[in-house]
Amino acid sequence: MSEFPFPPGLVLFLGAFLLPQVQGKARTALVLGLPLLALVLIWSLPAGSTITLQFLQYALEPVSATAVGRLFATVFALAAFAGGLYGLWRAEPDGQGGYQLREGNVLELGAAYAYAGSAIGVTFAGDLITLFIFWELMALSSTLVLWSNSNDNPKAYGASMRYLLVHLAGGVILMGGIVWQVYASGSTAFVNMSELDSGAHWLIMAGFLINAGAPPLSAWVADAYPEASPSGMVFLSAFTTKTAVYVLLVGFAGAQVLIYIGLYMVFYGIFYALMENDMRRILAYSIVNQVGFMVTAIGIGSALALNGAAAHAFAHIIYKALMLMSAGSVLALTGQRKCTELGGLFRYMPLTAVFGIIGSLAIAAFPFTSGFVTKSLETSAAAYAGLVPAWFLLLTASAGAILYIGFKFPWFVFFNRDSGLHPPEAPRHMLWAMGFCAFLSIGIGVFPEPLYALLPHQPVDYQAYTIDHLVTQFQLLLFAAAAFFLLLPQMQVTPTISLDFDWFYRKLLKYLAREFSLKTMDARRLLEHRTLQRTEKMAERLYHRYGPQSVFARTWPSGVMVLWVAVLLAGSLVLYYLR
Amino acid sequence: MVTATLILLSLLVPLLTALGIALAGRWPNMREGVTLTGALLLALVVYSLLPPVLAGERPEFTLLDMMPGISLAFRVEPLGMMFAGVAAFLWPVNSLYSIGYMRGNQEQHQTRFYICFAIALFAAMGVAFAANLVTLFVFYEILTLSTYPLVTHKGKSSLKAGRVYLGILLFTSIGLLLPAIIWTWQATGTITFTPGGILGGKVSGVALTALSVLYFYGIGKAALMPIHRWLPAAMVAPTPVSALLHAVAVVKAGVFTVIKVAVYVFGLETLQSAPGIEWLLYVAGFTILVASTIALYQDNLKRRLAYSTVSQLSYVVLGAAILAPISIVGATLHIVAHAFGKITLFFAAGSIYTAAHKTEISQLNGIGYRMPWTMGAFTIGALSMIGVPPAVGFISKWYLLMGAFEAHQYLAFGIIIVSTLLNAAYFMPIIYAAFFRPEAPGKPDDYGHGEAPWPIVVALCITAGMTLVLFLFPEIPYQLAIQVGR
Amino acid sequence: MSSQLPALQLVIPLLSAPLCFLIGKARIAWAIATLASWACAAIAVTLLLRVNDGSVIEYAFGNWPGPWGIVYTIDRLNAFVLVIVSGIAAVILPYSWPSVCREIPPRLHVLFYTALLLCLSGLLGMTITGDAFNLFVLLEISSLSTYTLISLGKDRRSLTAAFQYLVMGTIGGTFILIGVGLLYMLTGTLNMADLAHRLQPLEGSRTLQAAFAFLVVGFGLKLAMFPLHLWLPNAYATAPSVVSAFLAATATKVAVYAMLRFLFGIFGADFTYNQMHLQFLLVPLALMAILFASMTAVYQRGVKRMLAYSSLAQIGYMLLGIGLANLHGLMATLLHLFNHALIKGALFLVMANIFYRAGGTAINHVTGLGRQMPWSMAAFVAGGLSLIGVPLTVGFISKWYLIQASIDRGWWLITAMILLGSLIALVYIWRVVEAAYFKERPPDQPTVTEVPLWLLIPTWVLILGNIWFGMNAEFTAGVAEAAAATLLGER
Amino acid sequence: MSPQSRKHGLSHAENLLRFRKIWIGVLLLVLLPEFFVHHHAYFEAQGIHIDASWGFHAWFGFLACVLLVLIARVLGFFLKRKDDYYDE
């Protein structure tokens with residue numbers, strides 16, 4: 001390749017600014033070409049750090065290729081490609097049973113590519129400062145993705161602001177941690193900090209975890225992502241949480257606390273998805289659930305677990321993108337997101353449904369899908385590490401995956417009752433994008449070896465396709481599915497949302513702020529009123545005392561002055577006499 | 001000797017410019033030519049002082065002896081160099097902007113405006129290079145007085161604001177700062193800024209804390225609450241004034257003095273020994289948070305920016321209050337960072353006013369498409385305020401945080417977290433409205449505008465560009481700041 | 001010739017006065033008066049330069065040596081005061097011609113210049129003399145001429161004011177005479193140096209204490225010490241503008257000087273402070289003056305009256321400096337003698353300018369003048385800033401030393417009061433500035449133009465003096481410090 | 001929209017019945033290997049053998065799901081709010 005190792009993230013990031021400048025075919029070429037170019041660069045860079053920049057008193061290594069970084073960068077580029085393809089045009093129902101296509105939202109595409117570029121930038125960051133810079137760029141560009149949809153979705157703005165604030169909070173906590181770490185260690189190196197023996201480490205981990213959707217701020221995922229456009233959510237789901245997984249993987253592999261946090265996230269996702277009505281919010285909760293698996297694996301910290309986390313992230317991005325594309329097509333062509341309003345679309349959007357089902361099967365880790373060959377690495381790792389409760393819980397969650405999403409999503413959207421909606425099949429470019437993801441999901445499921453070869457800890461000593469594994473997995477999933485059908489009456493969707501931690505800042509804080517501002521306003525008014533009154537009174541008194549008619553200003557008869565003279569003289573004489 | 005001449009020149013150039021403007025007052029083009037020439041000359045003079053200062057030289061120059069033992073003297077040290085450098089860099093840019101703004105809005109009394117501006121810059125240079133407290137105080141007061149006519153530029157309607165402006169600034173400086181200076185003189189027999197401070201061992205205990213209250217509240221220009229009211233009041237001035245003076249020269253003279261007093265009069269170690277000195281940290285933190293909260297509720301763009309300035313100024317004070325050398329570096333850098341960021345924001349506000357005659361945020365829907373450069377620059381400025389890369393605000397925040405950790409001031413860290421969120425909460429909606437909200441339907445002629453006149457656009461692009469450039473190449477301010485912190 | 005300078009200092013104005021009267025032509029009288037004042041100023045400056053090394057010039061009138069004859073003693077202190085008085089006169093007299101033409105009926109012009117010259121010679125004589133009784137005589141000369149000058153005011157109230165001043169001034173003069181008489185009774189001498197020498201052993205004496213009390217009250221009346229100030233506002237407010245300027249800048253200053261001379265030159269610092277505890281009388285009265293008079297000034301409708309009240313407050317500062325009883329305090333007093341002369345002289349000249357054009361000096365007359373009389377109003381702003389004590393003006397220098405003195409003492413409350421006084425000054429000055437610059441000219445007021453250069457130049461000479469001595473107070477502060485040290489007997 | 005069109009696919013009662021039968025068949029099919037395959041327990045060391053019991057994954061998966069749904073019901077009772085809860 002070229003002599004100058006061009007940062008692959010920067011290609012996408014800068015390319016994003018070109019997007020609005022071009023039209024038509026050139027734009028299509030750019031949208032599809034940029035991620036591929038990035039992909040080429042990702043794999044053409046030599047391992048290790050290739051550039052050193054001086055920034056303040058620190059040496060930065062903005063381009064530093066590692067195996068795990070490359071793995072994430074690769075999947076980010078793939079996701080950008082698929083999302084770009086999916087978002088090239090926007091489909092809208094034309095009211096006559098068909099649809100019309102409009103140019104894709106170029107602002108969103110640009111923002112998304114900048115976002116993807118920043119995410120890739122994080123994976124190539126050789127030091128904490130570079131990492132943080134790209135981290136913040138991610139927060140900003142992802143907010144732009146949400147903003148781009150605000151004309152179509154009035155809820156997007158509020159959600160985006162909450163999203164941004166959560167991420168800026170995470171960002172500044174992370175920054176604090178990094179500053180502390182740099183100050184304490186004198187080095188900007190991004191090293192493993194899993195001993196958590198300084199406040200800096202805790203802060204850095206907290207910053208990472210906020211982006212991963214960890215408690216208590218998990219609510220931002222389901223709050224913000226579903227408000228993006230169909231293509232927007234594809235991008236959003238791919239990068240932020242997965243970069244968090246990446247940095248946790250590098251920085252906190254083996255930090256035991258992550259096991260608990262991860263397990264919490266797993267069940268948080270399940271329960272909230274079970275209660276949820278909005279199909280895209282279900283998918284959002286499932287992101288938290290899936291990232292929870294990865295975080296748990298990172299907490300376990302064995303080579304197998306870490307490989308599992310990496311592989312799972314890789315597979316997850318693709319099948320989650322697939323599901324979101326499927327859901328996005330439904331949303332685009334029906335205008336509906338709520339399960340209570342959807343159903344029976346199988347007949348009208350058969351391909352969309354099939355792709356959605358493939359995604360669902362993958363997320364449920366059905367054999368011959370990518371979920372099967374990646375998630376099992378994590379559960380096995382828990383088993384091999386002898387973590388009894390963790391393993392049982394993960395197994396429960398694996399079974400639950402069928403329940404809350406694997407079957408719930410396709411069932412309520414594509415089957416169940418007929419909703420009366422008769423949308424057309426999704427447009428071709430969307431189907432191609434879904435097909436691409438479905439192909440990867442199944443391809444990885446059938447031939448896991450190429451993916452395994454990319455994993456950070458080599459050699460990967462794991463065989464997914466054993467009889468035992470196949471049998472137990474089928475048993476688990478099919479009986480879970482049986483439970484699903486059996487419990488369907490208990491799982492009917494309701495037009496509700498579920499309270500979450502965001503209640504505190506959406507309701508309580510707002511309430512407190514309003515109360516506070518009302519009360520302080522009253523207090524201020526009262527204070528101002530009183531001060532005004534007092535000042536007026538004082539001014540009056542002062543005027544009375546010092547004004548033109550006052551004692552001091554009046555023209556006194558000479559006698560008074562003489563009296564004063566007498567008083568003063570007599571006074572001092574008497575005083576001197578008495579002394 | 002050459003350097004001493006340069007100091008003298010840095011004072012003379014703005015003064016002569018003022019004179020030249022007065023003489024050329026009748027011919028606007030010539031008058032503006034004089035302003036620009038003077039501004040560029042000043043930048044040249046100030047920046048030729050930079051290499052020797054960076055090399056460790058401390059040029060000195062005594063103008064005259066004022067009282068026995070007290071002289072009007074100047075000494076260029078890194079902090080002053082930084083302040084002067086920022087002001088001198090921004091004056092030409094702001095002059096360019098002023099030309100566009102004042103002509104675009106057909107303002108009255110333009111000659112007086114430019115004269116006062118030049119005098120204000122003269123005062124700023126004096127503050128920056130002052131070698132002792134009295135010299136600093138003298139120029140501090142000149143700055144107050146020379147900016148008063150600018151604040152009340154609009155005449156009678158701005159009278160009340162002018163009263164608040166002058167009232168607070170003179171009351172605090174005469175009522176608190178002056179006795180503090182005289183006290184220092186009385187206690188130590190010197191008023192010369194000295195690295196490591198002059199009060200160490202001379203004043204101690206509660207008296208030291210009392211002195212710190214006198215000083216830090218006496219410096220009204222630093223706008224600590226509750227004496228911040230003059231700053232929002234000053235927003236009645238034309239925008240170039242708000243931009244260069246009430247976002248850079250005047251307010252920075254305030255926080256500059258805070259750092260200067262903390263470092264060169266008290267000395268960090270002496271300050272640390274003062275009982276209850278945490279008050280400054282608490283007050284600065286309180287100001288940061290409360291001012292940001294107030295900003296959140298302002299619909300008038302300039303008022304929002306003004307409260308943001310109040311809050312951001314307290315970042316600098318916070319840096320001083322943390323009392324760690326590194327936080328001083330952060331505070332020093334924040335003077336630069338905030339200057340470039342906030343002037344950009346004010347420029348944008350003025351640009352909007354000139355082109356669209358809009359002053360309220362709620363009127364800005366969709367304006368980003370009519371004025372892409374303006375709002376683009378605004379965005380960059382806002383990012384710098386929030387402190388995210390790739391804007392220079394990130395760098396100062398970095399060192400402020402580092403200082404907080406060095407001194408184990410976790411409260412300061414918490415304040416910075418909340419404040420970052422508040423900053424975003426009051427800036428981002430503006431950007432959003434400008435670029436993502438559709439324009440309100442209105443009379444077509446309401447929307448006939450495009451970008452502001454080119455001098456305005458050029459000026460704000462320069463300052464916005466600088467916030468990015470300074471992030472990428474922070475070497476010079478960083479070197480200066482390090483020398484201050486040392 | 002040069003050895004006769006001390007005599008000439010007094011003789012020139014004293015002889016010029018009857019000369020004016022005899023010639024009887026106003027313009028010539030004015031020319032003579034102006035020349036005389038310039039000569040006086042030149043002499044005063046020469047004298048100051050001559051004694052600035054700390055030497056003392058003793059001049060025996062008619063070669064009758066002291067303590068029998070009248071001896072003029074010139075040291076740094078009174079040379080300094082001479083410069084103040086004659087300097088102000090030298091600036092104001094040339095100014096006076098157009099102003100007097102406007103304010104005083106032509107038939108009284110000659111009388112005016114005669115009286116002014118007499119007043120000047122009285123003040124100079126009080127300052128230069130080394131003889132207690134001679135001082136009283138010259139005091140009466142200056143007082144009587146002052147009454148005349150005040151009564152020349154266009155305002156009819158000036159007659160009442162002059163009469164009141166006459167009554168009070170006479171009482172004051174009488175008290176001083178009684179005080180001097182008591183001293184003479186005790187010691188048998190009137191020569192100040194001799195008095196100081198002979199009083200030393202008599203310190204416990206009741207008579208001495210009574211003399212002290214009479215002198216303090218007497219001078220208190222002359223210098224308008226609170227609450228003996230009641231004559232001053234009316235006098236200053238109603239007198240012709242030039243007279244107000246001259247008196248405000250000189251008369252009280254000389255009275256303060258004379259009091260200092262008696263307190264420290266004759267009684268001695270130790271007696272004054274440690275036995276008579278004068279500071280306990282002076283400090284509260286001074287503070288009351290600063291606060292009450294300043295506050296009253298805020299509410300005045302006439303700007304001249306306002307300045308008159310402000311003068312009371314400024315006298316308060318001077319007395320406070322004495323009351324603080326330390327070197328910096330006394331220094332502040334002496335500096336303020338000079339500085340306040342510059343400030344008030346300039347401000348009253350501005351008032352004269354305004355009267356010259358607008359026909360009055362009420363706030364109503366000043367309103368909207370900022371645009372119409374830019375140079376005069378700019379002078380007012382500058383003088384006002386100096387009054388407030390903004391740096392680079394003389395007012396700042398006085399405040400600096402006064403505050404330092406209060407900090408030296410550790411009397412924080414007094415520091416606060418001084419600052420409060422400054423801030424109130426800010427309020428009353430700014431009231432005028434706002435009226436001049438921000439309000440439209442009232443419809444019933446004439447549209448006016450700037451005064452001629454002949455009037456502007458003296459005004460601005462004083463303003464530039466404010467600024468010059470504010471930026472470069474080495475000289476004045478040096479003289480004041482040395483003089484203060486001498487008074488306290490430290491050097 | 002004709003009534004026919006509402007009855008299709010899995011929502012059709014007959015289809016549903018057929019679907020159920022197939023499903024039960026599949027379930028039995030996946031249980032078949034249990035007679036031939038011996039599972040080894042992961043946590044021998046901790047003395048836990050339950051994961052090697054007969055049809056463990058089948059019944060565990062089933063029970064786990066029942067449990068999850070029940071918990072979700074209970075949680076839903078507390079946490080569910082109307083759609084427009086935050087909009088008001």
Side-chain angles (χ1 to χ4, degrees), chain A residues 155 158 267 270-272 274-275 277-278 338 343-344 346-347 380 383-384 386 388 391-392 395-400 402-404 411 414-418 420 422 467-468 471-487 490-491 494-500 502 506-507, chain D residues 1 5-12 16 19-20 23-24 26-27 29-34 36-48 50-51 55-87:
Chain A
K155 282 182 168 178
F267 285 93
I270 291 178
F271 289 126
Y272 274 89
L274 274 174
M275 291 184 281
N277 180 27
D278 182 325
K338 292 172 186 166
F346 181 77
R347 186 173 274 189
S380 305
Y384 295 142
V388 183
W391 185 78
F392 278 100
L395 199 64
T396 309
S398 298
I402 283 286
L403 209 56
Y404 81 92
W411 177 258
F414 296 112
F415 303 104
N416 199 15
R417 65 191 179 87
D418 190 320
H422 296 183
I467 301 278
D468 187 57
V471 165
T472 52
Q473 189 70 1
F474 272 125
Q475 287 176 349
L476 187 76
L477 296 178
L478 291 174
F479 273 85
F484 173 82
F485 288 116
L486 213 63
L487 293 169
Q490 298 298 316
M491 291 179 54
T494 48
T496 53
I497 48 124
S498 311
L499 292 187
D500 198 345
D502 60 349
R506 293 177 74 176
K507 279 280 178 189
Chain D
M1 186 176 316
S5 70
R6 292 190 66 86
K7 297 193 170 188
H8 64 85
L10 289 171
S11 52
H12 198 286
L16 208 58
F19 175 76
R20 268 188 203 155
W23 197 262
I24 291 168
V26 171
L27 289 184
L29 197 71
V30 296
L31 276 180
L32 215 57
E34 286 296 306
F36 314 108
V37 181
H38 172 73
H39 301 288
H40 71 93
Y42 282 126
F43 304 107
E44 290 282 354
Q46 285 106 316
I48 294 170
I50 192 166
D51 54 325
F56 167 76
H57 282 82
W59 63 259
F60 184 85
F62 187 84
L63 289 182
C65 285
V66 173
L67 193 69
L68 287 174
V69 170
L70 290 180
I71 295 177
R73 285 289 288 188
V74 175
L75 278 177
F77 181 74
F78 290 106
L79 294 180
K80 280 189 176 177
R81 292 289 185 279
K82 280 236 167 59
D83 263 353
D84 56 359
Y85 176 73
Y86 288 115
D87 299 345

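Just so you know, these numbers come straight off a predicted model, no measurement behind them. Below, all heavy atoms of this structure are taken into account, side chains as well, without hydrogens, waters or symmetry copies. Order of the sequence lines sets the chain letters (A, B, ...), proteins ahead of strands, with each chain counted from 1.
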Checklist entry - For the side chain of A/Gln475 and the backbone of D/Val30, is there at least one donor-acceptor N/O pair under 3.5 Å apart? => result yes

Checklist outcome for this item: Residue from A/Ala480, A/Pro495, A/Ser498 scoring the most non-hydrogen pairs under 4.5 Å with chain D is A/Pro495

Item to check | A/Ile467 atom CD1: more than 12 heavy-atom contacts under 6.0 Å | outcome: no

Item to check | Test side chain to side chain contact (heavy atoms under 4.5 Å, CB included) applied to D/Ile48 and A/Trp391, step by step | outcome: CA-CA 12 Å; D/Ile48 294 170; A/Trp391 185 78; over 6 Å; no

Next on the checklist: Run the side chain to side chain contact (heavy atoms under 4.5 Å, CB included) test on D/Leu63 and D/Leu67 for me, step by step, so that the C-alpha distance in whole Å, both residues' side-chain angles and the decisive distance to 0.1 Å come before the verdict.
Outcome noted: CA-CA 6 Å; D/Leu63 289 182; D/Leu67 193 69; over 6 Å; no

Next on the checklist: Report which part of D/Ile24 has an atom under 4.5 Å of a heavy atom belonging to chain A: side chain, backbone, both, or neither.
Outcome noted: neither

Item to check | chain D contact via A/Met275 - which portion, at a heavy-atom distance below 4.5 Å | outcome: both

Item to check | Non-hydrogen atoms of A/Leu476 and D/Gly61 that approach each other most closely | outcome: CD1-CA, 3.6 Å

Checklist entry - Contact part of A/Asp502 toward chain D, heavy-atom cut-off under 4.5 Å: side chain, backbone, both or neither? => result both

Item to check | Among the listed options D/Val26, D/Leu31, D/Leu70, D/Val66, the residue most often paired with chain A at heavy-atom distances under 4.5 Å | outcome: D/Leu31

Item to check | chain D contacts, top residue of A/Leu403, A/Leu274, A/Thr472, A/Leu478 (heavy-atom pairs, under 4.5 Å) | outcome: A/Thr472

Item to check | Contacting moiety of A/Tyr384, where chain D heavy atoms sit under 4.5 Å | outcome: side chain

Checklist entry - Which one of D/Ala72, D/Gly55, D/Ala45 has the most heavy-atom pairs closer than 4.5 Å to chain A? => result D/Ala72

Checklist entry - Is it the backbone or the side chain of D/Lys80 that comes under 4.5 Å from a heavy atom of chain A, or both, or neither? => result both

Next on the checklist: Parallel, tilted or perpendicular: which one describes the rings of A/Phe267 and A/Phe271, with boundaries at 30° and 60°?
Outcome noted: tilted

Next on the checklist: So that I know where these two stand, are A/Trp411 and A/Phe414 an aromatic pair - ring centroids less than 6.0 Å apart?
Outcome noted: no

Checklist entry - Is it the backbone or the side chain of A/Ile270 that comes under 4.5 Å from a heavy atom of chain D, or both, or neither? => result side chain

Item to check | Residue part contacting chain D, namely of A/Ile497, when any heavy atom lies under 4.5 Å | outcome: both

Checklist entry - Given that the side chain runs from C-beta out, which part of D/Leu27 has a heavy atom under 4.5 Å from chain A: side chain, backbone, both or neither? => result both

Item to check | Under 3.5 Å donor-acceptor, D/Gln46 side chain and A/Gly386 backbone | outcome: yes

Next on the checklist: Only pairs of heavy atoms separated by less than 4.5 Å count here; which of A/Lys155, A/Lys338, A/Arg506, A/Met491 has the most with chain D?
Outcome noted: A/Arg506

Checklist entry - Which bit of A/Tyr272 is near chain D, if near means a heavy-atom gap under 4.5 Å: side chain, backbone, both or neither? => result side chain

Checklist entry - Pick from A/Leu477, A/Thr494, A/Asp468, A/Val388: which one has the most heavy-atom pairs with chain D under 4.5 Å? => result A/Val388

Checklist entry - Salt bridge between A/Arg347 and A/Asp418, side-chain N to carboxylate O under 4.0 Å? => result no

Checklist outcome for this item: So, the part of A/Leu486 with a heavy atom under 4.5 Å from chain D: the answer is side chain

Checklist outcome for this item: Closest heavy-atom pair, D/Tyr85 versus A/Lys507, reported as atoms and distance to 0.1 Å, is O-NZ, 3.2 Å

Item to check | Per-residue contact mode, D/Arg81 against chain A (heavy atom under 4.5 angstrom) | outcome: both

Checklist entry - Can you say whether A/Ala481 sits under 4.5 Å from chain D via the side chain, the backbone, both, or neither, judging by heavy atoms? => result both

Item to check | Considering all heavy atoms, the nearest D/Cys65-A/Ala399 contact | outcome: SG-O, 3.7 Å

